[in-house]
Protein chains: 2
Amino acid sequence: MKELLDYFKNTVSISPEIENKISEIIEEKNLVKGEQVLTDNSAKKEHIFVVSGCLRSFFKTEDGKEHTVQFAIKNWWISDYITLYTDNKSVVSIESLTHSKVLIINNAKVEKFYQEFPQFEIIQRKNFEKRISALQKRILSLLALTAAEKYNQFIEDYTEFEKIIPNYQIASYLGITPQSLSRIRKERFKN
Amino acid sequence: MKELLDYFKNTVSISPEIENKISEIIEEKNLVKGEQVLTDNSAKKEHIFVVSGCLRSFFKTEDGKEHTVQFAIKNWWISDYITLYTDNKSVVSIESLTHSKVLIINNAKVEKFYQEFPQFEIIQRKNFEKRISALQKRILSLLALTAAEKYNQFIEDYTEFEKIIPNYQIASYLGITPQSLSRIRKERFKN
DNA sequence: TTTAAATATGAATCTATGGTAATAAATTAA
DNA sequence: TTAATTTATTACCATAGATTCATATTTAAA
């Protein structure tokens, strides 16, 4: 709870009154390793804020393959933005990779919150600006980089994640098979 | 000009006073086919709103290959979100694919505008919600779909674009070569 | 029009990555 | 600790898509 307020306070100042209001719309939840917060087809419009631990969002294709959309640690948001902001059916699930603590906020409540506390618009807009540039960066990588280059960039950008996340999930984030990643790692660390 | 105001009015009501203020920060520009609005390494923090015509954002890699990030037509925004919202150096250029009319808004002016007219935060937040879900959708496609599947989805989602955009640019949007796209089209239209 | 340039298609290799399967290493559970 | 399960690596073959190069076709320019 405090963690989210601190996060907000990086952007705007928050009155005690608002603090209370925020607390009211938030559900705090502890997750064990492997536990899912959001399941595909649930169509739950929820924002998830990571207090501690590590989560990932992913989806499965008909052939049974899993594809990782995003990882998130402390102070990151993770959600299924397609479910949140379109009427399309949800395909994304979110699961905990470690013991984690998250804050869950229903989007309907967030919508009300925008109205009551316009300052929240500012917080969210800046949050979105970061997210949009991160998503664009991801698209550039997926379009232009080879598997090895994508892995190098992942290591650079997500140093903190590297130790927590199993390689087969890193592979599914990069859009390659665990076998390919293994080959790339062998090459990379052989010197 | 009017077009942007109409676009805004879909979300919030706008007073004549605000209308004038908006006009002040906007530069209207006519583009001929092939003309660039934004060049890589220019580091210009600009939002571009398409009034008419069609534009695309793209970047080049060292090997000289072009990769298309986005296409945009009437009432779409197109920008380089990495330049806009991070300190990273810009790699993206934006060019006109047809005779086009655009509105160009400098981000510093937009920042001021947020302060003077908080309602603009709402407009922008909703704009961002759409953009984020679109970007996420693109990432899902790039991760999970084969070249042929990506092309099918492109045709479905961007019917209006299909006739305007040359195939070699569609290929660069899908992350494949024009030769591959040609093979896919042959297969697709052979019945 | 005719010519030149840009775009699209085609076919023949080549290559990075995928698929399958077997083994090894590392976690987790008993 | 040992056994069971999950994750990582390796090898070998298959394949989607890239590359290269040649040739149509379309579009723009003179």
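Just so we're on the same page: letters track the sequence lines, and every chain starts at 1. The structure displayed is predicted, hence computed values, not measured ones. Only this structure's heavy atoms are used, side chains among them; waters, hydrogens and symmetry mates stay out.
- Between A:Lys65 and C:dG18 there is no side-chain N or O to OP1 or OP2 distance below 4.0 Å.
- The minimum heavy-atom distance linking B:Thr68 with B:Arg138 is given by the pair O-NH2, 3.6 Å.
- The cationic atom of A:Arg185 (NZ for Lys, CZ for Arg) does not lie both less than 6.0 Å from the six-membered ring centre of A:Phe189 and within 45° of the ring axis.
- If you take CG of B:Asp63 and P of D:dA18, they are 12 Å apart, rounded to a whole angstrom.
- Of the residues in residues 145-181 of chain B, those with a non-hydrogen atom less than 4.0 angstrom from any atom of DNA chain D are B:Thr146, B:Ala147, B:Gly175, B:Ile176, B:Thr177, B:Gln179, B:Ser180.
- The distance between atom CG of B:Leu143 and atom C1' of C:dT17, rounded to the nearest whole Å, is 15 Å.
- Contact check on A:Glu27 versus A:Lys109 returns no salt bridge, with no Lys/Arg side-chain nitrogen under 4.0 Å from an Asp/Glu carboxylate oxygen.
- Side-chain proximity of A:Lys186 to the nucleotides D:dT10, C:dT9, D:dT9 is greatest for D:dT10.
- When the C1' atom of D:dG17 is taken as reference, atom CZ of B:Arg185 falls 18 Å away, rounded to whole Å.
- A:Lys2 has no carboxylate O lying under 4.0 Å from a charged side-chain N of A:Glu28, or vice versa, which leaves the two without a salt bridge.
- Heavy-atom neighbours of B:Lys9 NZ from other residues, nucleotides or ligands within 6.0 Å: above the threshold of 12.
- Whole-Å rounding puts the A:Glu187 CD to C:dA16 P distance at 11 Å.
- Put simply, the residue from A:His47, A:Lys112, A:Glu46, A:Lys44 that forms a side chain to side chain donor-acceptor pair (under 3.5 Å) with A:Asn107 is A:His47.
- D:dT27 atom P lies 15 Å from atom CG of B:Leu97, rounded to whole Å.
- Note on A:Arg183: a base of the nucleic acid sits closer than 4.0 angstrom, heavy atoms only.
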